[in-house]
Amino acid sequence: MIDIQRIRDNSQEVIRRYKVRNFEAGELVNRIKELDARRRQYQQELDSTLADSKAIARRIGELFKAGKGEETALWKEKSATLKQQAKKLQDDLDAAAGELHELMTNLPMLPHESVPAGDSEADNEIVREEGNIPVLHENAKSHWDLATELDIIDFAAGTRVTGSGFPVYKGRGAALQRALVGFFLEEALEAGYTEYQPPLLVNADSAYGTGQLPDKDGQMYHVASDDLYLIPTSEVPVTNIFRDRILNEADLPVKCTAYSVCFRREAGSYGKDVRGLNRLHQFDKVEIVQIAHPEKSYEVLEEMVGYVAVLLRKLELPFRVARLCGGDLGFASALTYDMEVFSAGQNRWLEVSSISNFETYQAQRLKLRFRPSEGKNRLAHTLNGSALALPRVMAALLENNQTPDGVKIPRVLQKFTGFETL
RNA sequence: GGAGAGGUGGCCGAGUGGUCUAAGGCGCACGCCUGGAAAGCGUGUAUCCGUCAAAAGCGGAUCAAGGGUUCGAAUCCCUUUCUCUCCGCCA
């Protein structure tokens, strides 16, 4: 949710900025301004009514104490009238505030100045590209063929046990997964992140806090009997650890990392995008989350992109960094960089990380603030990114490192796997 | 799952219808005292909304959450929720 102050201060600027997202906010913003004014009007009237009412109650108390109980009848009557008025004002206030909140929920985050205009993925701005595209031997295969041949992933078994999109990792495939998790966590700890093991099920408040609800309802698996959601990313539980908290300015930035399994319904996906490991209902991911000072959050974002780039370099994977255009930008994000690795067997780029600055979007919902050295408490900025999502990294490793003699394991992973080739 | 007891400020804890405008303590901050420190003494120490250009000030809300009784609720009633203890089940 954006800060309503920005609409009060300069609604025209807000409307203009939303155009980068191809979002016509004019009508919505005007209704919000109107409701905001009405809400404040009701608030004032209610406050003064309640003030009167309290004064009368105090007066009655004094009369009783002075033994003049018979003089209170008139005041009681007056108080009853005020109470009725207050009730109505409270209802009006609640209605206005409720509707206002509802409309505010429909506003995406304001995009950062650097976000390019555009409609789709095709308009994203490639800001960096690194590494060499591997030249594969003649019989090079896709990772799904390779993995099946090497007997390290059993897609068919997963389908039998659960359904499509739930692969079974086996033997050295399972070991490689574990190695990647170990490597990612070790790197994160070295970079100063604190490791968390969060719950994999969250309540609706948490899902709302990070913006999964109501915006992305339907992406998450819902456990109806207990009204809980399977997490689509550990961003949700980790960020919600800080819901309703007021941090000390000196504690910023807070740096968290977590390994977790992630669950996504991915309703409506089909075709080559979902072959093999390209898109799954269940996958493993190491996530990094930072809670940053508003004036430092874009430095933090760049730092996080730099951090993920180091991981990819160490894994010897060719990658590129894209700044998402307005049309591709997530609802809650002000600026997002996607990190994509080139996967030679499929001859395409695969997104392995998405790093975003949500500014105050989540913080507003989470009531996540910090105490500055001077002045009033302020909303913090939240950021997160994958570091990294495993399946596509594994896909690229398999495809790019295949040789007639087997698949080579990158040097940095060998101490975790205990083997050098597959 | 069954039975019982509870939820009060950063923390502990008092408070069973009207100076609760929440006692007292701890912690923290500042000041006095001191050669320096401790102790001691003093002062301050929640969040949100509104008013204001802003701050101060002022008004309102908040004692788990929601509803009710009452002129008046932390206090009484109802619902929900969470925690603890015992029993049951259990990796």
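In what follows, chains are A, B, ... by sequence order, proteins preceding strands, each numbered from 1. Because the structure is predicted, anything quoted here is derived from the model rather than measured.
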Say you pick atom P in B:rG27 and the same atom in B:rC86; how far apart are they, in whole Å?
-> 32 Å

Taking any strand in view, what nucleotide pairs with B:rA91 in a Watson-Crick or G-U wobble way, both distances under 3.5 Å?
-> none

Upstream residue (5' side of RNA chain B) when A:I246 and A:G61 are each assigned their closest nucleotide | A:G61

Tell me, please, which residues at least two apart from A:D151 pass side-chain hydrogen bond (donor to acceptor under 3.5 Å, both in side chains).
-> A:K170

Using a heavy-atom cut-off of under 4.0 Å over every strand shown, decide if A:R245 touches base, sugar-phosphate, or nothing.
-> nothing

Any donor-acceptor pair under 3.5 Å linking the side chain of A:R39 with the backbone of A:A96?
-> no

For B:rC11, what is the paired nucleotide under Watson-Crick or G-U wobble rules, both distances under 3.5 Å?
-> B:rG25

With both distances under 3.5 Å as the test, what is the Watson-Crick or G-U wobble partner of B:rU75?
-> none

Expressed as a whole number of Å, how far does the C1' atom of B:rC41 sit from that of B:rG18?
-> 36 Å

Salt-bridged, A:R16 to A:E13, with N to O below 4.0 Å?
-> yes

May I ask you to check if A:R365 and A:Y208 form a cation-pi contact, with NZ or CZ under 6.0 angstrom from the six-membered ring centre and within 45° of the axis?
-> yes

Nearest-angstrom distance, P atom, B:rA54 to B:rG66 = 29 Å

Which part of the nucleic acid, if any, lies within contact of A:R369, taking any heavy atom under 4.0 Å across all strands shown: a base, the sugar-phosphate backbone alone, or nothing?
-> sugar-phosphate

Taking only heavy atoms on the protein side, list every residue of residues 43-58 of chain A lying under 4.0 Å from any atom of RNA chain B, sorted numerically.
-> A:Q43, A:Q44, A:D47, A:L50, A:A51, A:K54, A:A57

If you measure from the C1' atom in B:rA56 to the same atom in B:rG35, how many Å do you get, rounded?
-> 41 Å

Does A:R378 pair with A:E249 as a salt bridge, N-O distance under 4.0 Å?
-> no

Looking only at non-hydrogen atoms, find the nearest pair between A:A179 and A:L413 and report the distance.
-> O-CD2, 4.0 Å

Note: for A:D36 and A:N377 on RNA chain B, the residue whose nearest nucleotide lies more 5' is A:N377

Is a salt bridge present between A:K415 and A:E186, judged by a nitrogen-to-oxygen distance below 4.0 Å?
-> yes

CZ (A:R8) with more than 12 external heavy atoms under 6.0 Å | yes

Could you tell me which nucleotide pairs with B:rA53 by Watson-Crick or G-U wobble geometry, both distances under 3.5 Å, or answer none if nothing does?
-> none

For atom C1', what is the distance between B:rU43 and B:rU83, given to the nearest Å?
-> 37 Å

Strand partner of B:rA37, provided both Watson-Crick or wobble distances fall under 3.5 Å = none

For A:E125 and A:Y337, does a side-chain donor sit closer than 3.5 Å to a side-chain acceptor?
-> no

Euclidean distance for C1', B:rU69 against B:rC76 (whole angstrom) | 8 Å

Between B:rU85 and B:rC12, how far is it from one P atom to the other, in whole Å?
-> 16 Å

Which is true for A:R378 with a 4.0 Å heavy-atom rule: it touches a base, it touches only sugar-phosphate, or it touches nothing?
-> nothing

Counter-base of B:rA64, judged by Watson-Crick or G-U geometry with both distances under 3.5 Å | B:rU80

Span of RNA chain B engaged by chain A, first through last nucleotide within the 4.0 Å heavy-atom cut-off, is B:rG18 to B:rG72

Nearest-angstrom distance, C1' atom, B:rU21 to B:rC63 | 15 Å

Would you check if there is a donor-acceptor pair between the side chains of A:Q90 and A:D94 at a distance under 3.5 Å?
-> yes

Where do A:Q362 and A:T382 land on the side chain to side chain donor-acceptor pair (under 3.5 Å) test, with the steps shown first?
-> CA-CA 7 Å; A:Q362 294 180 331; A:T382 62; 2.7 Å; yes

B:rA3 - base-pair partner by Watson-Crick or wobble geometry, distances under 3.5 Å = B:rU85

Using purine N1 to pyrimidine N3 plus N6-O4 or O6-N4 for Watson-Crick, or N1-O2 and O6-N3 for G-U wobble, each under 3.5 Å, what pairs with B:rG42?
-> B:rC30

